[in-house]
Amino acid sequence: MDPEVDVPLLSNADLARIFHDIGDMLEVKGELVFKTVAYHRAADAIAHSPVELSAAYRAGERPKVAGVGQAISDKIDELARTGHLAFYDRLVAEVPPSLVELLRVPGVGPRTVRVLHEELGVESLEDLRQAAEAGRLRSVKGLSVKTEQSVLDGIAALETRETRMLLEAAETLVDTLIGELRETPGLISIVPAGSFRRRRETIGDLDLLAETTDAAALVERFTTLPAVDRVLGSGSHKAAVRLLRGPQVDLMIMPPGTAGTYLIHFTGSKDHNVHLRGIARDRGWSLSEKGFLRIGEDGEPLTDDAAELKTFPTEAEAYRFLDLEFIEPELREDRGEVEASASGTLPTLVRLADLRGDLHAHSDWSDGVHPIATMADAARARGHAYQVLTDHSQSLAIARGLTPDRVELQRGIIAELNARYASEEAAGLAPAGSSPDGFRLLHGCELEIRADGRLDYEDELLARFDLVVASLHVGRRQTRSQLTERVLTAIRSPHVDVIAHPAGRMIQGRDDLDLDWDVIYAEAARTGTVLEMNGSDHRLDLSDERARRALAAGCLLSLDSDAHRTEEYHNLAWAVSQARRAWVTPTDVLNTRSRAELLAWVGAKAERLTGA
DNA sequence: GCCGTTTTCGGCCCGACTGTTTTCAGTCG
């Protein structure tokens, strides 16, 4: 019997956590910085790998992952096969996890942790707090009374630290801050950068980048905004504050006309920037946010004379200086975009304007807020040619799922609405901004994949919908094979067109369903069943990694709002940005097609699978 | 620890701010 059978499969996230821990522990030990960086880099790459590494390693394969060499590869192998890593266990014995925790205190780095441990015997956050309160830190060379206060502030901030923001909250805050700074004298422009501009799933700090002729005035206004709780630092070119019950916000000021390299630098990601700087260096230039400087034989800039600095007003020009095509912010994670840019093979990313409709929204007939007509009118006002109404099916009682009788009633209401739209269009009375193809509300449902594995409506009823999205809300804790089989049942139904929020996750809430993902992708591709990228900012499901993997397997995707009220059609923006992070192009997306093409696609799919 | 159409060894991105310094190391982004 194979000894591996009883060892649970570690997810990529589990593996990444272990290698980040190793990096942290080596830092505290005072190991060579490049070695610790190597572990962190490898951990990030593992977290974003589209391949489930533990499964692959068990199958005797070692898929190439950037930043993973022989040593780390062997460690993954040991973890995949045994669930343990002797090297890790030895490190933990040497560097207690409570010591690594100290790195989270702002201003405390590996060097300080080591000194605190060796000289004061500090082993945990609580030890550190007591030492600081008792005034013992100042006895250590290099630390002072000021350090004691900043450590205590840091620990307090750690304890009240809000969780990372979701996109909608980040956008609201960015808009507010920019609005409050816009009238500052001398201000020419101010834009968000950082992870919000890259549209990461969650946002920690906010970054604002400003062009101004009066830096001092802007720093002054920024650091005295009403929402500011503490000023973390402020200089002539940058300032950082923490907002009251809010995140840290960094403001950077750039000389007018030089935004290109500044935007690149402060948009990141860090790995993307490091890659660009390597390319610049190979070509004899040092790249920083300020611009490019010539470097000499010794690798040092020939001059720090600002007049010699090569600057560019736009990002596109700065990229072009390195013979690179412009790289969209959502791609800047060093996941192959720099190479694709160099070879002219960047994808043409899908845009919000490419969407002709939305396949997933609710009304007050199930768990939505607004009436059917209100939802339809709002979708029409967005210029869409169709909106699929997908109220929940009968077994999802908590969401007031529709019985077959109510489905029939709803069908009649939708027909009346569409008759009104048709007559308005025929009379040339459609509102300005409506789709030139006209607008129709399509009748769909969000079909529950029940815990017993059966679908929630009979085939005869399912066949009468314009489009069906299926999803799984109950029985989430079943085994991987049970869950996978349930989703496969839906995928194989001729009447199911879309699998909605396939991973069933809530960001910062619940984990992904434990599915055999490669089997799901393969069967979705074979049957032509669409996998949704759900735009609700607490779902964003599929994730970018999964979507990229699904595309590679040949799947078609949809970008949907899952709106429960009219305002939530804005979720489509998040679905699109998540798709862009996954390198998705317009042809990869079902709802970039016209209404006629969509309906023809649904019909063809049912026919193909019924005949098969 | 990783990596190589300049290298299998010797590099590995860059600058601002802070605090404790008398010229710089640590931390951060």
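So that the names make sense, note that chain A is the first sequence line, chain B the second, and so on, each numbered from 1.
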**Report entry** Whole-Å gap separating P (dC12(B)) and CG (L276(A))
**Finding:** 17 Å

**Report entry** dG11(B) versus dT6(B) - spacing of their C1' atoms, nearest Å
**Finding:** 13 Å

**Report entry** Candidates dG29(B), dT27(B), dG15(B) - which lies nearest the side chain of T112(A)
**Finding:** dT27(B)

Query raised in the report: How many Å lie between CD on Q70(A) and P on dC3(B), as a whole number?
Result: 11 Å

Query raised in the report: Quick one: which of dT27(B), dG29(B), dG1(B) gets closest to the side chain of A38(A)?
Result: dG1(B)

Query raised in the report: Using a cut-off of 4.0 Å on non-hydrogen atoms, how would the nucleic acid contact of H275(A) be classed: base, sugar-phosphate, or nothing?
Result: nothing

Query raised in the report: Nearest nucleotide by nearest heavy atom, which residue falls closer to the 5' end of DNA chain B, V274(A) or D250(A)?
Result: V274(A)

Report summary line: From NZ of K29(A) across to P of dG1(B) the rounded distance in Å is 11 Å

Query raised in the report: Which value, in whole Å, describes the distance between the C1' atoms of nucleotides dG26(B) and dT21(B)?
Result: 13 Å

Report task. Classify the nucleic acid contact of V37(A) as base, sugar-phosphate or nothing, counting any heavy atom under 4.0 Å across all strands shown. Result -> nothing

Query raised in the report: Within 45° of the ring axis of F196(A) and under 6.0 Å from its six-membered ring centre, is that where the NZ or CZ of R200(A) lies?
Result: no

Requested in this report: Step by step, work out the side chain to side chain donor-acceptor pair (under 3.5 Å) result for D334(A) and H272(A).
Outcome: CA-CA 5 Å; D334(A) 197 25; H272(A) 178 84; 6.0 Å; no

Report task. For the side chain of H237(A), starting at C-beta, report the closest nucleotide among dC2(B), dC17(B), dC3(B). Result -> dC17(B)

Report summary line: Residue pair K270(A)/D282(A) against DNA chain B: nearer the 5' end by closest nucleotide is D282(A)

Query - Exercise: do S98(A) and E101(A) side chains pair donor with acceptor under 3.5 Å - result: no

**Report entry** Residue P110(A), side-chain atoms from C-beta onward, closest of dC14(B), dT27(B), dG1(B)
**Finding:** dT27(B)

Report task. Using atom CE of M25(A) as one end and atom P of dG1(B) as the other, report the distance to the nearest whole Å. Result -> 14 Å

Query - Between dT7(B) and dC12(B) - C1' atom distance, rounded Å - result: 13 Å

**Report entry** Touch class at under 4.0 angstrom, heavy-atom based, for F266(A) against every strand present
**Finding:** nothing

Query raised in the report: What integer distance in Å separates R242(A):CZ from dC28(B):C1'?
Result: 13 Å

Query raised in the report: So S73(A) and Y57(A), side chain to side chain donor-acceptor pair (under 3.5 Å) or not? Walk me through it.
Result: CA-CA 9 Å; S73(A) 179; Y57(A) 271 67; 3.0 Å; yes

**Report entry** L32(A) side chain, from C-beta outward: closest of dG1(B), dT27(B), dA16(B)
**Finding:** dG1(B)

Query raised in the report: When the distance from CE of M254(A) to P of dA16(B) is rounded to whole Å, what number comes out?
Result: 16 Å

Requested in this report: Under 4.0 Å between any heavy atoms, over every strand shown, what does V68(A) touch: base, sugar-phosphate, or nothing? Just pick one.
Outcome: sugar-phosphate

Query - Proximal nucleotide (of dC17(B), dG19(B), dT27(B)) relative to the R111(A) side chain - result: dT27(B)

Report task. Answer with base, sugar-phosphate or nothing: what part of the nucleic acid does T36(A) contact at a heavy-atom distance below 4.0 Å? Result -> nothing

Requested in this report: Assign V140(A) to base, sugar-phosphate, or nothing according to its heavy-atom contacts below 4.0 angstrom with the strands shown.
Outcome: nothing

Query raised in the report: Roughly, in whole Å, what's the span from CZ in R230(A) to C1' in dT18(B)?
Result: 13 Å

Report task. Validate the cation-pi geometry between R546(A) and W517(A): distance from NZ or CZ to the six-membered ring centre under 6.0 Å, angle to the ring axis within 45°. Result -> yes

Query raised in the report: What's the CG-C1' distance between L102(A) and dT27(B), to the nearest Å?
Result: 15 Å

Query raised in the report: Hey, what do you get for NE2 (H275(A)) to CZ (R332(A)), rounding to the nearest 0.5 Å?
Result: 14.5 Å

Report task. Give a yes/no on whether any side-chain N or O of R281(A) is located under 4.0 angstrom from OP1 or OP2 of dG11(B). Result -> no

Query raised in the report: Hey, which of E333(A), E337(A), E330(A) is the one that makes salt bridge (charged side-chain N to carboxylate O under 4.0 Å, His left out) with R580(A)?
Result: E330(A)

Requested in this report: Measure from the side chain of D207(A), starting at C-beta and using heavy atoms only, and say which of dG1(B), dA16(B), dG29(B) lies closest.
Outcome: dG29(B)

Report task. Scan every strand shown for a Watson-Crick or G-U wobble partner of dT8(B), both distances under 3.5 Å, and answer none if you come up empty. Result -> none

Requested in this report: Select one nucleotide: of dC17(B), dG15(B), dT27(B), the one nearest the side-chain heavy atoms of E289(A).
Outcome: dG15(B)

Query - Selection from dG15(B), dG19(B), dT27(B) that lies nearest to any side-chain heavy atom of T147(A) - result: dG19(B)

